[in-house]
Amino acid sequence: MSTIVVLSGSPSAVSRTAALCAHVSDRLRRAGHEVAALRARDLPARALLAADTGHPRIAEAVRLVEEADGVVVASPVYKAAYSGLLKALLDLLPQFAFAGKVVLPLVTGGSPAHVLAIDYALRPVLTSLGADHVVPGWFVLDRHITIDGGEVALDPEHAAPLHRVVDAFASAVDARRPLLAAS
Ligand SMILES: Cc1cc2nc3c(=O)[nH]c(=O)nc-3n(C[C@H](O)[C@H](O)[C@H](O)COP(=O)(O)O)c2cc1C
């Protein structure tokens with residue numbers, strides 16, 4: 001069984017990105033993976049902004065990433081890139097925090113014009129953190145995610161391609177585990 005951290009970089013209290021993360025986490029759990037949620041907005045703001053890795057909540061976030069076989073990194077598109085909140089969290093991780101891990105980038109946005117934010121803005125940062133394999137990511141339009149009470153629904157027409165990407169990520173994580181065990 002692989003351990004996967006699903007990280008949401010949205011500052012929104014009611015967040016489509018976090019809803020997407022919940023949907024993806026459910027799918028990964030149903031496939032037998034152990035999944036931990038990490039919401040950047042829940043971390044203590046002062047410690048996050050000061051990159052205070054001695055703070056127990058920040059240290060716990062860093063440990064979650066360290067112990068994971070795979071990491072899902074999700075962000076809303078903000079100003080044609082990813083959120084500043086996500087960057088604050090990524091910046092306090094060790095330089096090669098994603099070494100030995102498979103990483104899945106996911107982005108939600110209001111306009112398909114910014115679909116490339118995932119590959120032009122987010123992917124280079126994930127690569128610079130030493131990820132072994134950044135698998136193809138996915139962009140979900142905000143209007144295709146509905147949150148009704150605690151229930152998350154994805155537009156069915158657009159859920160299938162997302163599921164393919166998530167399943168490919170999960171397979172890549174599983175495929176790496178024997179390699180890491182042998183190293
Ligand atoms: C400050 C801000 C900037 C945004 N910039 C963009 C943008 O450049 N391109 C885009 O497609 N959507 C943009 N959006 C829309 C959000 O990316 C989109 O609604 C997203 O799903 C919000 O995720 P959340 O509910 O997790 O906050 C922006 C929203 C905000 C609040």
Side-chain angles (χ1 to χ4, degrees), residues 4-29 35-49 51 57-58 60-62 64-65 68 70-93 97-98 103-129 131 134-169:
I4 294 171
V5 171
V6 178
L7 193 171
S8 166
S10 172
S12 306
V14 178
S15 161
R16 288 193 164 83
T17 307
L20 176 66
C21 286
H23 180 88
V24 166
S25 297
D26 279 352
R27 190 166 180 90
L28 292 168
R29 281 195 193 97
V35 179
L38 178 55
R39 278 186 83 165
R41 85 176 300 278
D42 292 341
L43 294 172
R46 184 183 289 266
L48 185 61
L49 291 178
R57 299 272 311 282
I58 302 292
E60 165 71 5
V62 173
L64 272 180
V65 171
V71 186
V72 178
V73 178
S75 176
V77 180
Y78 275 3
K79 311 284 195 275
Y82 51 86
S83 73
L85 178 62
L86 174 65
K87 190 66 162 63
L89 177 54
L90 296 179
D91 283 353
L92 59 72
L93 294 175
F98 291 165
V103 180
L104 169 64
L106 294 177
V107 160
T108 71
S111 162
H114 286 150
V115 67
L116 287 176
I118 200 162
D119 285 324
Y120 286 175
L122 187 51
R123 182 175 289 272
V125 181
L126 306 178
T127 303
S128 85
L129 281 158
V134 183
V135 298
W138 199 250
F139 174 99
V140 182
L141 271 176
D142 53 7
R143 61 180 174 272
H144 292 154
I145 305 169
T146 49
I147 309 169
D148 189 2
E151 291 298 305
V152 178
L154 284 191
D155 181 300
E157 195 191 329
H158 296 92
L162 168 73
H163 292 164
R164 278 196 289 277
V165 164
V166 172
D167 295 348
F169 161 71

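Just follow the structure's listing: the first ligand is 1, and inside any ligand the first atom is 1.
- Checking side-chain atoms of Arg57 against main-chain N and O of Pro44 turns up no donor-acceptor pair under 3.5 Å.
- Counting only distance, with no hydrogens or angles, the side chain of Ser83 and the backbone of Gly9 share a donor-acceptor pair below 3.5 Å.
- Nearest protein heavy-atom neighbour of atom 30 (C) of ligand 1: Tyr78 CE1, 3.4 Å.
- The shortest contact between atom 1 (C) of ligand 1 and any protein heavy atom is with Lys79 NZ, 3.7 Å.
- Protein heavy atom at the shortest distance from atom 13 (C) of ligand 1 is Val77 O, 3.2 Å.
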- [ ] Assess whether salt bridge (Lys or Arg N to Asp or Glu O under 4.0 Å) is satisfied between Arg143 and Asp155, documenting all intermediate values.
- [x] CA-CA 8 Å; Arg143 61 180 174 272; Asp155 181 300; over 6 Å; no
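- Of all protein heavy atoms, the one lying nearest to atom 9 (N) of ligand 1 is His114 ND1, 2.7 Å.
- Looking at atom 11 (O) of ligand 1, its nearest protein heavy atom turns out to be Ser111 N, 2.9 Å.
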Task: Derivation and outcome, side chain to side chain contact (heavy atoms under 4.5 Å, CB included), residues Phe98 and Leu93 - done: CA-CA 9 Å; Phe98 291 165; Leu93 294 175; 4.1 Å; yes
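- When every heavy atom of Ile118 is checked against every heavy atom of Pro105, the shortest pair comes out as CD1-O, 3.4 Å.
- Heavy-atom contacts of Pro76 reach the following atoms of ligand 1: 17 (O), 20 (C), 22 (C), 23 (O) (cutoff under 4.0 Å).
- Checking side-chain atoms of Arg123 against main-chain N and O of Val135 turns up a donor-acceptor pair under 3.5 Å.
- Proximity to Ala80 (heavy-atom distance under 4.0 Å) selects the following atoms of ligand 1: 7 (C), 8 (O).
- His23 pairs with exactly one of Leu28, Val140, Leu162 by the side-chain contact (heavy atoms from CB on, under 4.5 Å) rule, that one being Leu162.
- Within ligand 1, counting atoms from 1 as listed, the ones closer than 4.0 Å to a heavy atom of Ser15 are 24 (P), 25 (O), 26 (O).
- Ranking the protein heavy atoms by distance from atom 20 (C) of ligand 1 puts Thr108 OG1, 3.2 Å first.
- Among all non-hydrogen protein atoms, the one lying nearest atom 27 (O) of ligand 1 is Ser12 OG, 2.5 Å.
- The shortest contact between atom 18 (C) of ligand 1 and any protein heavy atom is with Asp142 OD2, 3.4 Å.
- Across every non-hydrogen atom of Leu48 and Ala40, the tightest pair is CD2-O, 4.0 Å.
- Those atoms of ligand 1 with a heavy atom of Ser10 less than 4.0 angstrom away are 24 (P), 26 (O), 27 (O).
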Task: side chain to side chain contact (heavy atoms under 4.5 Å, CB included) between Leu86 and Leu7, worked out - done: CA-CA 9 Å; Leu86 174 65; Leu7 193 171; 3.5 Å; yes
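- Among the atoms of Gly110, some N or O lies under 3.5 angstrom from an N or O of ligand 1.
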